[in-house]
Amino acid sequence: MKISICDDEEIQLSLIGSYMNEYISSRKLDIKIEKFINPDDLLKHEQNFGGSEIYLLDIVMDNMDGIKLGHKIREYNKKALIIYLTTSKEFSLDAFSVNAFSYFVKPFEKEKLFAELDKCFKYYIPPKKEETVIAVKTSEGTVPVALSKINAVEYLDHHLIYDLTDGSKIISIYQKASFDIQTKFLSVSAFIKTANCYLVNMDNIMAVTSHGFKMKNGEEYPITRKYSDAKVKFLNAKIKKRL
């Protein structure tokens with residue numbers, strides 16, 4: 001992820017850069033900072049190396065004002081968040097034409113800028129979903145397993161065998177109940193049945209092959225004739241997730 005700063009005053013460019021370094025350090029973020037004293041240099045750089053996710057732009061600059069620069073950025077970077085940092089309030093309405101995220105008048109408190117940056121990162125980095133963990137009873141005790149770490153669940157001789165993404169397996173204790181009853185809770189998640197005694201985690205599928213599903217870790221699971229519609233169900237689920 002990149003943040004670009006453009007200000008034609010070296011002192012301001014250095015100050016804003018120091019603010020950003022402090023912010024990145026305090027939030028423990030992995031972000032590259034690009035600093036430009038000339039708007040043309042910013043545009044030429046991004047033409048060769050791609051745009052940034054966030055821009056901190058001065059408005060009153062000799063070579064090209066920040067509003068014009070913002071419009072040029074918008075020509076190739078529609079989703080970027082632009083924050084204007086300027087010495088005058090008079091350009092606030094012009095900033096709306098660029099769909100600016102925020103507008104600060106210099107001098108400003110860095111804490112207020114940090115608070116606004118926090119909002120930016122909530123936009124770009126949504127909160128992580130809580131990991132769903134199940135408890136698997138084994139001969140050695142109960143083992144917690146995250147659903148995301150399960151590639152597939154197999155039923156063999158009244159035991160549930162959990163194939164994990166790291167290649168290991170967890171085997172449950174002997175169960176009298178049928179496979180469908182024992183794995184009923186998985187039917188409401190991302191698991192799909194590919195055989196009488198197999199459930200595969202759709203979230204870990206990398207590709208659909210002629211015989212079945214290939215997982216992200218290279219494992220493959222066949223689809224029997226009875227469950228041949230599993231491919232269609234998977235593709236429909238993938239399309240629905242993107243909508």
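Looking only at distances, no side-chain donor or acceptor of D30 sits under 3.5 Å from a matching main-chain atom of M1. At least one donor-acceptor pair under 3.5 Å links the side chain of S172 to the backbone N or O of L160. A donor-acceptor pair is defined here as one N or O able to donate and one able to accept, closer than 3.5 Å; no such pair exists between the side chain of E53 and the backbone of A80.
A ring-centre distance under 6.0 Å is not found for Y84 and F104. Ring centroid separation for the pair Y221 and F213 does not come in under the 6.0 Å cut-off.
Here the NZ atom belonging to K2 is positioned 13.0 Å from the CD1 atom belonging to I54, to the nearest 0.5 angstrom.
No side-chain donor from either of Q175 and Y155 sits under 3.5 Å from a side-chain acceptor of the other. Judged by distance alone, the side chains of D8 and N63 never bring a donor and an acceptor atom under 3.5 Å apart. N77 and Y55 are linked by a side-chain donor-acceptor pair at a separation below 3.5 angstrom, with hydrogens and angles left out of the test. Using modelled atom types and a 3.5 Å distance limit, the side chains of S168 and D166 yield a donor-acceptor pair. When only modelled atom types and interatomic distance are considered, E140 and T138 share no side-chain donor-acceptor pair under 3.5 Å. S4 and E34 form no side-chain donor-acceptor contact under 3.5 Å, judged by distance and modelled atom types alone. A donor-acceptor contact closer than 3.5 angstrom is absent between the side chains of D157 and Y174.
Nearest approach of V208 to K231, heavy atoms of both residues: CG1-CD, 3.6 Å. Residues L69 and C6 come closest through the heavy atom pair CD2-SG, 4.1 Å. For the pair I67 and S97, the tightest heavy-atom approach, listed with the atom from each and the gap, is CG2-OG, 4.3 Å.
Under the 4.5 Å side-chain heavy-atom criterion for grouping Ile, Leu, Val, Met, Phe, Trp and Tyr, V133 is not connected to I171 through any hydrophobic cluster.
Taking the charged nitrogens against the carboxylate oxygens, K110 and E22 do have a contact shorter than 4.0 Å, which makes a salt bridge. Between K72 and E75 there is no salt bridge, since none of the side-chain N atoms of the basic residue sits less than 4.0 Å from a carboxylate O of the acidic one.
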- Query: After noting the C-alpha distance and the side-chain angles of K106 and D7, does the key distance pass the salt bridge (charged side-chain N to carboxylate O under 4.0 Å, His left out) rule?
  - Reply: CA-CA 12 Å; K106 301 174 184 176; D7 196 306; 2.5 Å; yes

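Relative orientation of the F121 and Y23 rings is parallel, given thresholds of 30° and 60° on the angle between their planes.
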